[in-house]
Amino acid sequence: MAMKRTMKVVFSLALLLLPLASVAEEFDFMYLAQQWPDSYCSTHKYCIVKPPSHFTIHGLWPSYNKRPGSHYCKNYEAYLDPKHIENLETLLNKKWPSLTLNQNNLEFWSHEWRRHGTCSKLGQHRYFKAALKLAKLHSLSKILAGAGIVPSNQNTYTFREISDALAWGTGLTTYFKCSKNKAGDTLLSEVFQCVDRYGEKLINCTAPFKKKAHSCVNVNKIKLPTWFHH
Ligand SMILES: *[C@@H]1O[C@H](CO)[C@@H](O)[C@H](O)[C@H]1NC(C)=O
C-alpha cells in the first residue's frame, strides 16, 4: 500500500516536472554577433595578417530573456562535419573568417557550432546558412557610413551617434560593445542583432543587453579603427 502511494507520488511529481524541463530547454531568441576586424586586431596579439575591412560574423547564439544562453548542448551532431557546409564554404570564408592566427576558419566554425549551434535546434547547414542570410540583410558598414561614421584612426563618435545610426538604419534594436586598446582608445568591436528562434528573421530585442564589461554606453569618444589598412 505504502509502496503504491510512493509510486503514485513519484509519478505525479514526474508529470509536474516534465513540462518545466521542456520549457527550460527552449531558448527565447538568438543573437547575431558581428565583429569589426580592426578592433579585434587592435586588442588581440595573434591576429590574422590582413583583417577584412568589413564586419564579419562572430556567431549566432541562442539566448534567453532572463538568463545567459546555454552552451555545448547535447546534440546528435555534436561535431561539425565539413561536408554539411561544403557549398557554403566560399561565402563563409569571406563573411565568417577566423580573425585569430592560431585558429583556422574551419576550427572557428566548429567552435561556434559546438558552443552555440548545438543549442540552436537547427541542423548544421541551416545554422550556417541562416547566419549568412541574416548578416546580409543589412550592411552595417554602409549604415554607419550613411550617418558619417567611417573607419578612421582619428575620428571619434559618440555612443548616441552610433546607436542612432544603427537603430535608424536597420529599423531594429541593435546593441554593440566596445573594447579598449593599450593606448586607452575605446573601439567599437562588436554589433548584436536579435533573431527569432527559427533563425529566419531579425526581430527587435526583448532582453536588455548585459555586456557590462565591454559597455560603450555613454562613452563619447568611440573609434572605428582602420589601423591595418594603408
Ligand atoms: C521594431 O521596433 C521599431 C520601433 O519601435 C518599430 O518601428 C519596428 O517596426 C519594429 N520592428 C519589428 C520587426 O518588430
Side-chain angles (χ1 to χ4, degrees), residues 22-36 39 54-71 73 88 91-92 94-96 112-113 115-151 156-178 186-220 222 224:
S22 57
V23 166
E25 281 293 304
E26 206 66 72
F27 57 94
D28 297 308
F29 68 98
M30 294 193 273
Y31 276 125
L32 172 66
Q34 299 187 73
Q35 47 193 353
W36 182 249
S39 293
H54 53 82
F55 281 88
T56 58
I57 299 171
H58 184 175
L60 186 60
W61 304 336
S63 302
Y64 297 88
N65 285 326
K66 296 203 172 121
R67 62 182 179 93
S70 306
H71 296 141
C73 293
L88 301 174
L91 254 183
L92 286 170
K94 186 156 181 275
K95 303 288 187 188
W96 198 333
E112 288 296 314
W113 168 258
R115 187 172 160 90
H116 303 282
T118 50
C119 304
S120 72
K121 308 256 163 88
L122 300 177
Q124 298 184 344
H125 187 267
R126 260 187 80 195
Y127 176 76
F128 286 94
K129 196 171 176 189
L132 286 169
K133 192 190 106 188
L134 294 159
K136 210 175 151 205
L137 293 176
H138 299 283
S139 161
L140 300 176
S141 309
K142 268 197 197 144
I143 285 173
L144 291 170
I149 299 163
V150 291
T156 62
Y157 308 96
T158 64
F159 174 79
R160 181 65 36 217
E161 283 168 335
I162 296 172
S163 65
D164 283 354
L166 291 172
W168 193 83
T170 61
L172 296 158
T173 14
T174 305
Y175 298 134
F176 51 97
K177 77 171 195 187
C178 290
T186 301
L187 312 174
L188 171 57
S189 62
E190 211 153 335
V191 172
F192 302 87
Q193 292 172 293
C194 293
V195 175
D196 71 330
R197 281 199 278 141
Y198 313 99
E200 283 170 358
K201 50 184 196 291
L202 292 174
I203 55 171
N204 278 323
C205 305
T206 46
F209 192 55
K210 293 195 204 88
K211 290 264 180 218
K212 288 214 179 72
H214 301 283
S215 171
C216 343
V217 177
N218 296 330
V219 176
N220 284 326
I222 301 172
L224 188 64

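Counting convention: from 1, in listed order, for ligands and their atoms alike.
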Please list, chain by chain and in numerical order, all residues satisfying side-chain hydrogen bond (donor to acceptor under 3.5 Å, both in side chains) with Thr186, sequence neighbours excluded.
none
Using modelled atom types and a 3.5 Å cut-off, is there a donor and acceptor pairing between side-chain atoms of Ser120 and backbone atoms of Pro62?
no
Pairing residues for Asp28 by the side-chain hydrogen bond (donor to acceptor under 3.5 Å, both in side chains) criterion, not counting sequence neighbours
none
So that I know where these two stand, are Phe159 and Phe176 an aromatic pair - ring centroids less than 6.0 Å apart?
yes
Residue-ligand contact Leu172/ligand 1, heavy atom below 4.0 Å
yes
Considering non-hydrogen atoms of the protein only, which is the closest contact for atom 2 (O) of ligand 1, and what is the distance?
Asn204 ND2, 2.3 Å
Does atom 14 (O) of ligand 1 have a protein non-hydrogen atom under 4.0 Å from it?
yes
Where is the nearest protein heavy atom to atom 7 (O) of ligand 1: which residue, which atom, and how far?
Gly171 O, 4.8 Å
Thr174 versus Trp168: any side-chain heavy-atom pair under 4.5 Å?
no
Hey, is atom 9 (O) of ligand 1 touched by any protein heavy atom at less than 4.0 Å?
no
